[in-house]
Trainee: 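So that we are looking at the same thing, I have put the structure below in structure tokens.
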2 protein chains.
Amino acid sequence: MENRSCSACLIKSKAAESLIDNELELLGQNCVEVAFERGETLFKQDALSSNIIYLQKGLVKIIMQGPQRKQILRLKKAPCYLGVPTTMGDKINHYSAVALEPTTVCFIDLGAFKSLLRLNTEFSYEIIVELCKNELEQFHRCVTLVQNQIFGRLAVNLLYMANTIYHSGEFDLPLSRNELADLICTSRETVSRMLSELDQDGIIEVNGKHIRLIDTKKLEEISKNG
Amino acid sequence: MENRSCSACLIKSKAAESLIDNELELLGQNCVEVAFERGETLFKQDALSSNIIYLQKGLVKIIMQGPQRKQILRLKKAPCYLGVPTTMGDKINHYSAVALEPTTVCFIDLGAFKSLLRLNTEFSYEIIVELCKNELEQFHRCVTLVQNQIFGRLAVNLLYMANTIYHSGEFDLPLSRNELADLICTSRETVSRMLSELDQDGIIEVNGKHIRLIDTKKLEEISKNG
DNA sequence: TGAATTATGTGATGCAAATCACATAATTGA
DNA sequence: TCAATTATGTGATTTGCATCACATAATTCA
């Protein structure tokens with residue numbers, strides 16, 4: 001845990017780019033950098049929310065305990081802010097965040113974050129834009145989840161990983177079969193079966209956690225109609 | 001369609017409360033009041049988004065055309081802003097809004113809205129808080145939708161109407177059976193059956209569109225476990 | 001006012017996917 | 001290094017709900 005100058009930071013958020021000297025100093029005085037290993041919890045549902053988190057490096061899952069099971073609301077990849085809605089929207093976290101790979105984050109004191117919002121309209125503006133984009137993405141995720149059958153949901157998420165997270169058709173799943181089930185809201189058994197079937201049909205190649213997309217066209221078709 | 005002074009407006013949003021004289025004037029010059037009847041569309045998915053809408057009076061449904069069917073993402077009751085995410089987050093609307101009862105809104109020019117965000121940090125701040133609360137609500141809706149069975153979803157939405165929209169255990173459904181199906185993501189037939197069953201079990205009383213909650217305790221139980 | 005359209009109710013049937021039940025592989029940790 | 005735990009695969013069974021098929025009620029509008 002260290003407290004470096006934010007001015008010198010090379011991985012500033014788009015919002016933080018707009019901060020001027022004394023604002024960056026305020027940020028620096030109210031922010032600490034912390035590293036997490038896979039599996040470690042960044043913040044927890046039902047706990048008091050007192051920090052905004054800037055995800056510098058790494059990948060996390062956002063999970064919410066629902067009435068029946070826990071659900072992965074979405075994956076978030078650096079760089080981005082985490083927990084703005086859950087921290088600004090209520091006193092208590094409505095969801096948890098857990099690292100999926102070695103991850104570095106800055107914990108920003110809520111008071112300081114609010115001060116920055118009030119000091120610098122450009123900063124606020126960028127936060128608003130990020131919130132808006134998130135909400136749109138969330139709407140689409142919800143519609144996909146509810147309307148598509150499981151093949152479709154699986155396809156959507158495999159494509160998301162390939163295109164948005166890893167920028168490659170070949171990658172290691174950052175999730176266990178159980179977590180993958182929580183992400184697409186089904187059972188572990190069904191995930192197993194579906195992955196095998198996609199493999200047998202020559203659409204993807206599965207080797208444990210290693211995935212290679214073969215027939216991306218077909219996968220996109222499934223993601224739309226399945 | 002008229003263009004009144006916003007300073008004199010008695011139903012200003014919490015955000016607009018923070019505007020000062022010349023900012024209110026800017027708002028007034030870039031905003032028109034429009035009335036809609038039930039069934040009329042306020043803005044449409046896939047159209048260019050060029051206005052932020054302030055819902056002064058009334059009730060609307062937010063709908064998104066999904067891969068299989070159209071889905072009611074949520075109901076929004078005045079007073080609130082509509083279309084901030086879809087207007088600030090992309091050039092094109094990702095969803096539509098349709099009036100469910102006689103409704104009055106202000107169309108605010110996007111440019112002017114952005115100017116206000118940049119002029120007044122208190123205004124921005126209130127918008128951020130509203131966005132955050134919406135996102136939390138949306139997360140919960142999504143989890144409910146995915147994890148609960150249809151009885152549970154129906155119960156959640158009946159309770160929402162009673163508690164949040166009408167503040168009464170007795171109300172007229174603002175939706176047809178088909179729309180109710182779009183809201184809880186099921187088929188019209190299933191909605192019919194479930195409503196009849198809840199009526200037969202003495203939990204609610206159904207008379208066409210008129211609903212009276214009888215056993216609220218039981219309904220809450222169903223909303224959690226069903 | 002009466003025909004056409006749209007909304008609603010209800011039974012019968014089929015199917016996607018959950019659940020159960022178990023085997024086997026991989027990982028952890030003493 | 002080996003037992004204990006956890007992750008994964010796969011068959012059999014069950015079930016919630018969609019879908020189909022139709023009847024009837026309520027609206028719309030010419």
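In what follows, chains are A, B, ... by sequence order, proteins preceding strands, each numbered from 1. Bear in mind the structure is a predicted one, so any value in this text is a computation, not a measurement.
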Trainee: Measure CD/Gln68(A) against P/dA18(C) and give the value in whole Å, please.
Mentor: 13 Å
Trainee: Take Glu135(A) and Lys133(B), measure what salt bridge (Lys or Arg N to Asp or Glu O under 4.0 Å) needs, and give me the verdict at the end.
Mentor: CA-CA 11 Å; Glu135(A) 185 153 341; Lys133(B) 289 190 173 154; over 6 Å; no
Trainee: Once you round to the nearest 0.5 Å, how far does CD of Gln65(B) lie from CD of Gln147(A)?
Mentor: 7.5 Å
Trainee: Would you please test Glu179(A) and Leu100(A) for side chain to side chain contact (heavy atoms under 4.5 Å, CB included) and show each step?
Mentor: CA-CA 11 Å; Glu179(A) 289 175 311; Leu100(A) 290 175; 4.1 Å; yes
Trainee: When you measure from the side-chain N and O atoms of Thr190(A) to the phosphate of dA16(C), is any distance below 4.0 Å, counting only OP1 and OP2?
Mentor: no
Trainee: In terms of the angle between their ring planes, are Tyr95(A) and Phe139(B) parallel, tilted or perpendicular, with boundaries placed at 30° and 60°?
Mentor: perpendicular
Trainee: Salt bridge or not between Glu189(A) and Arg177(A)? Use side-chain N to carboxylate O under 4.0 Å.
Mentor: no
Trainee: In whole angstroms, how far is the C1' atom of dT19(C) from the CD atom of Gln149(B)?
Mentor: 12 Å
Trainee: For the residue pair His140(B) and His94(A), categorise the inter-ring angle as parallel (less than 30°), tilted (30 to 60°) or perpendicular (more than 60°).
Mentor: perpendicular
Trainee: At how many degrees, to 10°, do the end axes of the helix from dT1(C)-dA30(D) to dA30(C)-dT1(D) meet when each uses five pairs?
Mentor: 50°
Trainee: Before accepting this row, confirm whether a basic side-chain N of the pair Lys209(A)/Glu170(A) lies closer than 4.0 Å to the acidic partner's carboxylate O.
Mentor: no
Trainee: Are there more than 12 heavy atoms of other residues, nucleotides or ligands under 6.0 Å from atom NZ of Lys218(A)?
Mentor: no
Trainee: Decide yes or no, distance alone: a donor-acceptor N/O pair under 3.5 angstrom between the base of dT19(C) and the side-chain of Arg193(A).
Mentor: yes
Trainee: Could you tell me the separation between the CG atom of Leu145(A) and the C1' atom of dA17(C), rounded to a whole number of Å?
Mentor: 14 Å
Trainee: Is Asp182(B) paired with Lys70(B) through a side-chain N to carboxylate O contact shorter than 4.0 Å?
Mentor: yes
Trainee: Nearest 0.5 angstrom please: Ile92(B) CD1 to Leu136(A) CG, how far?
Mentor: 12.0 Å
Trainee: Want to settle it: does Arg188(A) or Cys185(A) sit nearer the 5' end of DNA chain C, counting the closest nucleotide to each?
Mentor: Cys185(A)
Trainee: Contacts to DNA chain C from residues 173-182 of chain B, heavy-atom cutoff under 4.0 Å, which residues?
Mentor: Ser176(B), Arg177(B), Asn178(B)
Trainee: Please give me the minimum heavy-atom distance between Ile53(B) and Phe107(B), naming the atom from each residue.
Mentor: CD1-CE2, 3.5 Å
Trainee: With heavy atoms of chain A within less than 4.0 Å as the criterion, where does contact along DNA chain D begin and end?
Mentor: dT8(D) to dA12(D)
